Amino acid sequence: MTIRILNRTVAALSAAVILSACGGGGDSAEGRASDPSAQSQGLVYAFPGDGQTEVSTASPVILRFTSSVNVGDAMSGITLYEGGADGRAMNPEFEPVQGQPNNLMLVPEENDPFKPNQQYTLVIEDLPLGGNGTAENRTLQFTTRALHEGPKELVVTDMDNFRITGAFPNFENDNLGGEQRFQAMDFSSFRFQMSQPVDRATAVYGQSVTLTYGPDDTEVPATLLIDGRYITVDPEPEYLDSTQTYELTLTNDLASTYGANFTQRSFRFTPQDTSPRGEPTRLVQRLTVNEPSKLTGRDVNTVPVNGTLLGEDENVTQARADSVIAELGDATVFSRTTPIRLPKGTILKGDAIKPVLIGGKVPAGFGSGEVTMTLLSDATGYLVQNRYMEDGENVSRMIQLMMDVGIATAEPRANGAFTQDLLHIELVGLADIDTSAGVLNVDAVSVVEPDILGQEYGYGLLSFQLQSYEDQTNAPQQIEDAPAPSIQSWTVGNYEDNRTADSLSKSHLYRLGDPVVINFDEPIEIAKDANIYFYENGSEIEFDAYVDGAALVLQPRENLSVSKESNPVDYEIQLVSGISDVAGNNWSGTFSETFSLPYVVE
């Protein structure tokens, strides 16, 4: 298949075709250039989006209108309800967005936050706008996600049944959640939201999760990612065959952490050819920096990590990437709903947090070093018609993009605390064409909830922005991930005492039931046939191995044994092969380490 990078003229033309299906050329923070009274007035963007599920309880509500909006008018013309429009009215803070007079941010009061597993309704009624008009009345609904941990009723969305609650794409299936119907594409990754957290030990690609095609049910090689209630299946072939019919199956071998088994379900689909004319459209884009978001007013592409342990907006990294490839489906075929993909292995670098601050004030004694954020699967989504404002040449297209990201830091202590996978980051935004510069701009918002030091789940509001280069021919090349991963540390290894320079064991920190964790310097993958061994006094023991960010996690199926004076117990871990980074660079080091747990005196 021939691949092309578009030159300036073709890039502008392609982007214009994509957006023209809805008349989308962008909107202005100062209101529309043409007479607002001659066009519909109202909402052009909302986060969370209408019908969005799995919304973080830490999310604000962000609204953008066709014309400027006054906070006082908004307090009278916008109401947020818990439940339906007949539910309890909340009293959020109404905040203007700096530099964006058309925007508002609604933030729930500290003593009345969003609740998990709860539907909320936003009603806009008789809202005056600065364009000498009134916003079209509108009702939006969204549903918050379950918690990551806590009482079962707050962690699951169904107390009894382990089932699929949502999918992306949803195979145009009304029973898989979401307001819009999205077909599977030849470059799609497949994401499922479940009603209960998935038991990792039961999630085995080729057994409990399969993707096959043809009369002989030929298995498609794929990456399987698991995180809590989220599942991603990312086919290894860059493109599925649009002439074949595929079957994606979750079997009854799949179980939840609460012991509920899944009732087998299969999805048959024929993927759509995203480039029927044989030449995929790929735009070279960059992460912009030092600019305010047109949606949130905050610095774009910064990643704040907030929480009780780290404070508010004090531990922030600036994400950077001079070359990000965005592949678009053929706009002449997909004019109304255009698929988009950012390929697996795309790397975003983050500035070092110096130093990490506890509580936002007290230095932890170390920084993060450079932060690496790697796409663990193809980030896939769709450019769609603006669902809030369909008429008018200045209406932006909307973008809905799902991504899975692995995080690692260069500083080993920070890496041990923060490395992790974050799945199903849902970006909701606007896509505009700047006809004067010939560039496609994407502004989007999401909220991430990283695990902080294993003690709490934090949150961070992402103001994401991508901008394509005007000159595609001379745009920077994407940097290849050439170095192989290397081991930084492991949880029961030795460490050097800063006072005495002695090498001391960390085994006394191990708690029975904990996994043994080996940290690499970048996000990794493990092959199905990886050669990883765990021995107790020379005999192999059963364990489950999985990856979380840059961490290889080895979870013994039975608790390890403490040593006794009369019966010492020694453990050995060997890593031989089958470990690589996301780009496929194989780890080729040696790791054969022994340890024992503290002695019990008899």
Side-chain angles (χ1 to χ4, degrees), residues 14-15 18-19 21-22 24 45-55 166-173 176-193 225 230-235 238-240 269 271-272 274-275 280-283 285 287 295 324-331 333-346 348 373 375-387 396-405 422-432 440-448 462-468:
S14 176
I18 292 168
L19 296 176
C22 284
Y45 172 81
F47 176 83
D50 187 20
Q52 187 173 343
T53 60
E54 301 295 323
V55 174
F168 190 83
N170 51 23
F171 309 97
E172 297 191 314
N173 190 317
L176 289 179
E179 290 294 313
Q180 296 196 237
R181 305 288 153 245
F182 294 120
Q183 293 180 316
M185 300 293 157
D186 57 3
F187 58 43
S188 288
S189 295
F190 302 94
R191 295 173 171 87
F192 295 97
Q193 295 88 45
L225 302 173
Y230 297 154
I231 296 174
T232 296
V233 181
D234 184 31
E238 189 168 18
Y239 301 97
L240 297 179
F269 64 94
Q272 299 293 301
T274 54
S275 51
T281 300
R282 294 185 174 182
L283 294 175
Q285 300 192 288
L287 292 185
L295 300 179
V324 175
I325 303 299
E327 181 175 342
L328 302 169
D330 189 325
V333 177
F334 303 100
S335 59
R336 295 177 65 84
T337 301
T338 308
I340 183 171
R341 172 177 78 115
L342 308 183
K344 173 183 176 178
T346 297
L348 314 178
M373 294 162 277
L375 295 190
L376 304 174
S377 62
D378 286 340
T380 54
Y382 304 85
L383 294 168
V384 299
Q385 287 184 304
N386 193 303
R387 67 179 69 175
S396 303
R397 294 292 296 269
M398 301 193 69
I399 185 170
Q400 189 172 349
L401 185 70
M402 282 275 203
M403 60 175 59
D404 306 315
V405 176
L422 294 173
L423 301 192
H424 296 199
I425 299 172
E426 184 172 6
L427 291 159
V428 177
L430 298 175
D432 297 324
L440 174 66
N441 299 320
V442 172
D443 287 271
V445 176
S446 188
V447 174
V448 294
L462 302 184
S463 302
F464 185 76
Q465 187 178 83
L466 273 176
Q467 184 180 69
S468 60

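All values reported here derive from a predicted model rather than from experimental measurement. Computation of the quantities below employed the complete heavy-atom set of this structure, encompassing side-chain atoms and omitting hydrogens, waters and symmetry-equivalent molecules.
- When each of Val405, Leu401, Asp404 is checked for a side-chain contact (heavy atoms from CB on, under 4.5 Å) with Ile425, only Val405 meets the rule.
- Atom-to-atom distance recorded for Phe168:CZ and Ser188:OG is 8.5 Å, nearest 0.5 angstrom.
- Looking at heavy atoms from C-beta onward, Pro339 lies in side-chain contact with Phe334 at the 4.5 angstrom threshold.
- Atom OH of Tyr230 sits about 11.0 Å away from atom CG of Leu422, to the nearest 0.5 Å.
- Thr380 OG1 to Phe190 CZ: the interatomic distance, rounded to the nearest 0.5 Å, is 8.5 Å.
- Judged purely by distance below 3.5 Å, without hydrogens or angles, the side chains of His424 and Glu54 never pair a donor atom with an acceptor atom.
- Between Arg397 and Leu383, the shortest heavy-atom contact is NH2-O, 3.0 Å.
- With a 4.5 Å cut-off on side-chain heavy atoms, Phe269 and Leu240 count as touching.
- The closest donor-acceptor contact from the side chain of Thr232 to the backbone of Leu225 lies at 3.5 Å or more, if one exists at all.
- In this structure, Arg341 contributes its side chain and Phe187 its backbone to no donor-acceptor pair below 3.5 Å.
- The backbone N or O of Ser396 lies less than 3.5 Å from a partner atom in the side chain of Asn386, making a donor-acceptor pair.
- The closest donor-acceptor contact from the side chain of Gln285 to the backbone of Leu440 lies under 3.5 Å.
- Using bins of under 30°, 30° to 60° and over 60° for the plane-to-plane angle, the ring pair Phe182/Tyr382 lands in the parallel bin.
- The shortest distance between side-chain heavy atoms of Leu376 and Asp234 does not fall below 4.5 Å.
- Here the CG-OG1 distance, from Asp186 to Thr274, works out to 3.5 Å after rounding to the nearest 0.5 Å.
- Lys344 is not listed as a side-chain neighbour of Leu375, based on a closest heavy-atom distance of 4.5 Å or more.
- With values rounded to the nearest 0.5 angstrom, Met403 atom CE is found 12.5 Å from Leu423 atom CG.
- Neither side chain, Arg181 nor Thr337, offers a donor N or O lying under 3.5 Å from an acceptor on the other.
- For Asp378 and Ser189, the side-chain atoms include no donor-acceptor pair closer than 3.5 Å.
- Taking CG from Leu295 and OH from Tyr45, the interatomic distance works out to 5.0 Å, rounded to the nearest 0.5 Å.
- A donor-acceptor pair is defined here as one N or O able to donate and one able to accept, closer than 3.5 Å; no such pair exists between the side chain of Arg191 and the backbone of Ala167.
- The shortest non-hydrogen separation linking Ala46 to Val428 is O-CG1, 4.0 Å.
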